[in-house]
Every structure is written in structure tokens, then in C-alpha cells.
Amino acid sequence: KLHLNQDMLAVYHTGIDYHMWHALGLILVGALGAHLPGNALLTWAGGLMFAGILLFSGSLYLLSITGIRWLGAITPFGGTAFIMAWALVAIAVWRAG
């Protein structure tokens, strides 16, 4: 709070929110993997979710702390990884059912 202006604090909090929800998503992928061992879709989903955390949240953390604006161009790649990960989770669960 003391080092970030209001706008950058909001950016940082967005990174935290997505990081938290997708960390829970990784736990879900792990739990599903225990019930569906060897499921390649869940393996890919976990990898994409992890990449999404690094790209999306990581770029927002760095942007807010350093103020380097071009880091914001990386954020959509993380968002795309999140979308793909959730789609793979949904397909894996649908195919298993």
C-alpha cells in the first residue's frame, strides 16, 4: 500500500485474485487426476493453469511493482492459458462421465 498508487494496487490485487482462484483450480485438477489417473487432458490442463498463473498474475505483479507498461501485453496470454485449461478440465470430466 505504501509503495503503490491506487491504480497499481488494483492491478496487483487482480493478480492476487486470479492467482488464488487458479491455485484452487490446480488443486481441483489434482483431485480429478486422482480419480482419473493417466488422463492426458488433465495433465495439459494443469500445465496450462500453471502457465496462466505465471503469465497472467506474474505479469500483473511485475507491472504493478515496476511500472513497466509493456508487461501488460503478456497478460492476455495467461488469460488464454486459463481459458484453455478450464476447457480441458470440462472436456475431461465430460468424457469420464
Side-chain angles (χ1 to χ4, degrees):
K1 265 184 169 179
L2 300 175
H3 301 288
L4 301 176
N5 66 36
Q6 198 66 22
D7 292 337
M8 288 298 111
L9 189 59
V11 169
Y12 193 82
H13 279 284
T14 300
I16 290 171
D17 288 342
Y18 279 80
H19 191 161
M20 180 196 63
W21 288 114
H22 288 89
L24 293 173
L26 281 172
I27 293 170
L28 173 67
V29 169
L32 288 171
H35 294 289
L36 304 169
N39 189 307
L41 293 176
L42 291 176
T43 301
W44 275 98
L48 284 168
M49 207 166 287
F50 181 71
I53 290 170
L54 289 178
L55 293 172
F56 189 91
S57 295
S59 66
L60 292 180
Y61 296 149
L62 288 172
L63 169 64
S64 63
I65 292 169
T66 65
I68 301 172
R69 293 282 178 190
W70 66 264
L71 289 168
I74 297 170
T75 308
F77 292 105
T80 301
F82 286 152
I83 293 167
M84 292 170 55
W86 286 113
L88 290 176
V89 169
I91 292 167
V93 169
W94 182 69
R95 283 186 180 174

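The two atoms that bring Ala73 and Pro76 nearest to each other are O-CD, 3.4 Å, heavy atoms only. Nearest heavy-atom pair across Gly15 and Ser57 is O-OG, 2.9 Å.
Under the 4.5 Å side-chain criterion, counting only non-hydrogen atoms from C-beta, Phe56 is not in contact with His22.
One hydrophobic cluster, built from ILVMFWY side chains closer than 4.5 Å, cannot hold both Ile53 and Leu48; they sit in different ones. One hydrophobic cluster, built from ILVMFWY side chains closer than 4.5 Å, cannot hold both Leu54 and Met49; they sit in different ones. Neither Trp86 nor Leu24 shares a network with the other; the hydrophobic side chains, linked directly or stepwise wherever heavy atoms of I, L, V, M, F, W or Y lie under 4.5 Å apart, form separate groups for each. Transitive grouping of hydrophobic side chains (ILVMFWY, heavy atoms separated by less than 4.5 Å) keeps Trp21 and Met84 in distinct clusters. Hydrophobic clustering (side-chain heavy atoms under 4.5 Å, transitive across Ile, Leu, Val, Met, Phe, Trp, Tyr) groups Leu9 together with Ile65.
In Trp44, the CH2 atom is not crowded: 12 or fewer heavy atoms of neighbouring residues, nucleotides or ligands sit closer than 6.0 Å. Other residues, nucleotides and ligands contribute at most 12 non-hydrogen atoms within 6.0 Å of the CZ atom of Phe77. Applying the 6.0 Å contact sphere to CE of Met8 captures more than 12 heavy atoms from other residues, nucleotides or ligands.
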N/O donor-acceptor pairs under 3.5 Å from side chains in residues 87-97, not counting sequence neighbours:
none

Do any side-chain atoms of residues 25-39 form donor-acceptor pairs under 3.5 angstrom with protein atoms, and if so which ones, sequence neighbours left out?
{"residue": "Asn39", "atom": "OD1", "partner": "Leu41", "partner atom": "N", "Å": "2.9"}
{"residue": "Asn39", "atom": "OD1", "partner": "Leu42", "partner atom": "N", "Å": "3.2"}

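Put simply, the residue from Leu71, Ile68, Ile74 that forms a side chain to side chain contact (heavy atoms under 4.5 Å, CB included) with Leu62 is Leu71.
Note: Phe82 and Tyr18 have parallel aromatic rings, judged against thresholds of 30 and 60 degrees for the angle between ring planes.
If you take OG on Ser64 and CG on Asp7, they are separated by 11.5 Å, rounding to the nearest 0.5 Å.
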Chi angles and distances behind the side-chain contact (heavy atoms from CB on, under 4.5 Å) call for Leu63, Tyr12: CA-CA 8 Å; Leu63 169 64; Tyr12 193 82; over 6 Å; no

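Residues in residues 74-85 take part in these side-chain hydrogen bond (donor to acceptor under 3.5 Å, both in side chains) pairs, two or more places apart or across chains: Ser59-Thr75.
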